[in-house]
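For reference, the structure discussed in these notes is given below.
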Amino acid sequence: MPSSRADSIIADLTESQREAVTYGDGPLLVVAGAGSGKTRVITRRIAWLLEHGTPADGVVAVTFTNKAADEMRRRVEALVGTAVYVTTFHSFCSRLLRREISRIGRDQGFTIYDRSDSLRVLRRIIKQRDLDPATFAPRDIMEFISLRKDRVIGPAKAREDAYGIEDQTKADVYAAYEQVLAESNALDFDDLLLKTLDVFNRAPEVLQYYQDKYLQVLVDEYQDTNLPQHLIARALQGRHRNITAVGDPDQMIYTWRGARLENLMEFEEDFPGAHVVTLERNYRSTANILRASSTCIRNNVFRRPKDLWTEREDGAQITVAQFRDSYAEGRWVADKVSDLLGEGVSPNEIALFYRTKFQSVPFEDAFATLALPHQVVDNVGFFDRRGVKDLRAYLQLMVNPRDNEACLRVINTPARGIGAKTVERLMASAGERGSLLTAVRRAEQVEGLSNRAKSAVARFWALYEDLNAIQASGVADLIGKLVDRTGYLERQPAEERADAEEVVGQFIGYARQYDERTPEGGLMSFLEQAALVSDVDGWNAQAGAVPFMTLHSAKGLEFDAVFVVGCEDDVLPHRRALEDHVHDSEQSALEEERRLFYVGMTRARHQLFLTHSDRRIVRGRDEPGMPSRFLYELPEEGVVRVLGPRSKPGAGSASGFRQEMAHVLKTKRSGLQVLDGDGTRLAPGVRVSHPQWGEGEIIESTPLGTRHSVRVSFHDHGTMTLLLAAEDIDRQE
DNA sequence: TAAACCGTTGTTTTT
DNA sequence: CAACGGTTTA
């Protein structure tokens, strides 16, 4: 019964896109090259299914990030006016486990441990067992465990498979780690997937319920799914066998996290009778960009050959530019972006990608200097900051009193006289079964505690009860009251106070957004969301700012103009990546790095810039760098190579650099004093004083995230552009 | 107990 | 150059 709306869903699709969208029952694999309309196919297919009788709540679509899920939900809703369940594997599992985890003898109030929580647990176990920290570094053991969890190998099997005493010991630590997490009623990221599989295995009726519920299962980015995710997808498609997997082998970039290309390459064996549709026409990029990226990726040997084609024009040439150092690189990129903005390109349509996060710094400085709007996409970094982690731990402990990790974190934060020895005795008293918090409650009976310690612990217990009694109108309100009652800010050391205030303020702001979006949400789901955020989730695509992000975060996005910076050997490809033993050979590790480069290039619609420097600062050291070997793999045609200025900064500004030299100050202790008004306002006309440059007047002030880019005309030293954060300004008394 | 000090160590990517 | 761990000191 194709309605006219159903017709319009496929009206503007090509033959092969239409084939994928309208395919009937049974497993379907869509191998979709970069820019071939993958997202379009998946959203249209959902719309098509809904128009052809599938009820809205019979669909589950899985994407890679929450951001992508929101976007897809929005698009489907725009097409057919119905909301469907679009989620990530981890959110899906977490939500499922909140309902079903009792089936495997666990409690639904579980805490989700992130990597740093897991590392703390491991550190404790390692110390407890007196293991040599050189052979048994927490990171190494974490890797050992995670590698096994990605392959659905439990501690017992790990122990069996262990070859040599070292792996045996690691397997023992793995077993202990599992026990500690169970005692704390905590799950790590991998557990979310594994426990879901456990539930499916141990309670077939639960699996059957979900199989009956989800008549259509769609999974995006299938090339980056790991074994547990593959098994979950396969379990869900159960009897109806309606699964749609979409992916591109050339964009597999998560081997180190357990991604298995086999999930995609052997799809037809895992899902017998599967239909395969291949999309090879690229609609996104100019012919130059497509040619360059295809030429490069063709160097991968472990690859099923695929030839993307386009009917587009050659377009602008790709620029490969070389610089003296990363600061020159930053200035040039900022200058180019400034030109693009001048030509009317929206800042939302320009992006900057790098291999590693720390590479953002010189670019942030350069952009700030020219007052160019930009946003460093690093959500996870925010949730990892100390203040946020502390407050989250308090909240977590309220939801899950057994969470020993959270308890350990907050019991003496801020300092309240409960030292390491006291904590140790409490832990000993809690023993195998009871939680640390139980020991806190019964501090009176704990042996070996001084009266002073006992009363300090009793005060902490009173505080905990007090926190639990808080009546709050929402999560933001709750956090606010929590900060008050714990004295979190007041007891912060003076120099960290401003920093902590800012972090707390931002966290409350985040919670307020949550309260507004999900008024019925509740604390547990807030914490869950906070635990499962990804970097790109925090990026506002409409913010009018150029996003800076890692190549990994860039997957699935597209922009008019793209800058891939730091294209140097040891960075891209990354040295550590080539040493990684997750890969079975250095060759395959190199190929993954090449795919990463490929992902970056293929994000660009019209303009692509690839930059590299001869020197860069690594760990405070100035180190030489060679052009990335990938740059030599680009074709001659459609690529122009330019050399940045060789001269020292400031000494002549040959090729279009801004004449006015700007000084970017370190964010701390700039020593700038505001002489007018309340001493904090950074508006034009306000007089300021600087220890080095004397007095001046603000000409222009542009907010840049948490900072301000401020142009100041100094009476004796001309115009400077300063990058200022609130704590940089010495308030006048 | 906690603050202050000092030396070592490490940095890839992230749900 | 940070961040963290371990030590010493008040």
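Naming convention: chains lettered A, B, ... in sequence-line order (proteins, then strands); numbering from 1 in each chain. No experiment lies behind these values; they were computed from the predicted model shown.
Candidate nucleotides B:dT1, B:dT12, B:dT15 were compared by shortest atom distance to the side chain of A:His90, and B:dT15 ranks first. Distance from the side chain of A:Arg452 is smallest for B:dT1 among the nucleotides B:dT14, B:dT1, C:dG5. Distance from the side chain of A:Lys357 is smallest for B:dT14 among the nucleotides C:dG5, B:dT14, B:dT12. Residue A:Ala415 places its side chain closer to B:dA2 than to any other of B:dT1, B:dA2, B:dT13.
At least one donor-acceptor pair closer than 3.5 Å links the side chain of A:Asn263 to the backbone N or O of A:Thr225. Distance alone, capped at 3.5 Å, places no donor-acceptor pair between the A:Gln223 side chain and the A:Asp250 backbone. At least one donor-acceptor pair under 3.5 Å links the side chain of A:Arg425 to the backbone N or O of A:Gly448.
Between A:Gly419 and A:Tyr254, the one whose closest nucleotide on DNA chain B sits nearer the 5' end is A:Gly419. Along DNA chain B, the nucleotide nearest A:Gly417 and the nucleotide nearest A:Val536 are compared for position; the residue whose nucleotide lies closer to the 5' end is A:Gly417.
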* Check step by step if salt bridge (Lys or Arg N to Asp or Glu O under 4.0 Å) holds for A:Lys38 and A:Asp220. => CA-CA 9 Å; A:Lys38 178 169 66 91; A:Asp220 197 8; 3.3 Å; yes
* To do: Quick one: do A:Tyr488 and A:Tyr394 satisfy ring pair (Phe, Tyr, Trp, His ring centres under 6.0 Å)? Show the steps, please.
  => CA-CA 11 Å; A:Tyr488 187 80; A:Tyr394 272 108; 7.2 Å; no
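Applying the Watson-Crick and G-U wobble criteria (two distances, each under 3.5 Å), C:dT8 pairs with B:dA3.
No contact: A:Phe89 has no heavy atom under 4.0 Å from any strand. Counting non-hydrogen atoms under 4.0 angstrom, A:Val533 reaches the backbone sugars and phosphates but no base. Backbone-only engagement by A:Thr422 is indicated by non-hydrogen atom pairs under 4.0 Å involving sugar-phosphate atoms exclusively. Looking at heavy-atom distances under 4.0 Å, A:Ser553 makes contact with sugar-phosphate atoms alone, never a base. Residue A:Arg139 is classed as a sugar-phosphate contact, given heavy-atom separations below 4.0 Å to backbone atoms only. Counting any heavy atom pair closer than 4.0 Å across all strands shown, A:Phe189 reaches a base atom. Contact annotation for A:Asp535: backbone-only contact, meaning every heavy-atom pair under 4.0 Å involves sugar-phosphate atoms and none involves a base. Counting any heavy atom pair closer than 4.0 Å across all strands shown, A:Asn412 reaches sugar-phosphate atoms only and no base atom. A:Arg595 comes within contact range of no nucleotide atom at all, as no heavy-atom separation falls under 4.0 Å.
Nucleotides C:dC4 and B:dT13 place their C1' atoms 23 Å apart, quoted to the nearest Å.
Regarding A:Asp140, its CG atom lies at a distance of 14 Å from the P atom of B:dT9, rounded to whole Å. In this entry the distance linking CD1 of A:Ile112 with C1' of B:dT14 reads 15 Å, nearest Å. Going from atom NZ of A:Lys149 over to atom P of B:dT14 covers 21 Å, rounded to whole Å. Rounded to whole Å, the distance from CG on A:Asp384 to C1' on C:dA3 is 13 Å. Rounded to a whole Å, the CG atom of A:Asp224 is 11 Å from the C1' atom of B:dT14. The nearest whole Å value for the distance from the CG atom in A:Leu590 to the C1' atom in B:dT13 is 15 Å. Taking atom CG on A:Leu227 and atom C1' on B:dT15, their separation rounds to 16 Å, with Å as the unit. Between A:Glu623 atom CD and C:dC1 atom P there is a gap of 14 Å when expressed in whole angstrom units.
Remark: A:Ser534 is in phosphate contact with B:dT15, judged by side-chain N or O atoms under 4.0 Å from OP1 or OP2. Side-chain nitrogen and oxygen atoms of A:Thr550 include at least one within less than 4.0 Å of the OP1 or OP2 phosphate oxygen of B:dT14. Between A:Lys555 and the phosphate of B:dT14, there is no side-chain N or O to OP1/OP2 separation shorter than 4.0 Å.
For A:Phe363 and A:Phe563, the ring centers sit 6.0 Å or farther from each other.
Environment of CD in A:Glu262: crowded, with over 12 heavy atoms of neighbouring residues, nucleotides or ligands closer than 6.0 Å.
A side-chain donor from one of A:Asp188 and A:Tyr177 sits under 3.5 Å from a side-chain acceptor of the other. With hydrogens and angles left out, the side-chain atoms of A:Tyr222 and A:His230 include a donor and acceptor closer than 3.5 Å. Judged purely by distance below 3.5 Å, without hydrogens or angles, the side chains of A:Glu100 and A:Tyr210 pair a donor atom with an acceptor atom. Donor-acceptor pairing under 3.5 Å is recorded for the side chains of A:Thr111 and A:Asp403.
Screening A:Asp140, A:Val173, A:Asp117 for a side chain to side chain contact (heavy atoms under 4.5 Å, CB included) with A:Leu122, the sole residue that qualifies is A:Val173.
The stretch residues 567-576 of chain A touches DNA chain B through A:His574, A:Arg576, each having a heavy atom under 4.0 angstrom from the strand.
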Tabulated below should be each protein N or O lying under 3.5 Å from an N or O of nucleotides 6-8 of chain C; please produce it.
{"unit_1": "C:dG6", "atom_1": "OP2", "unit_2": "A:Lys127", "atom_2": "NZ", "d": "3.3"}

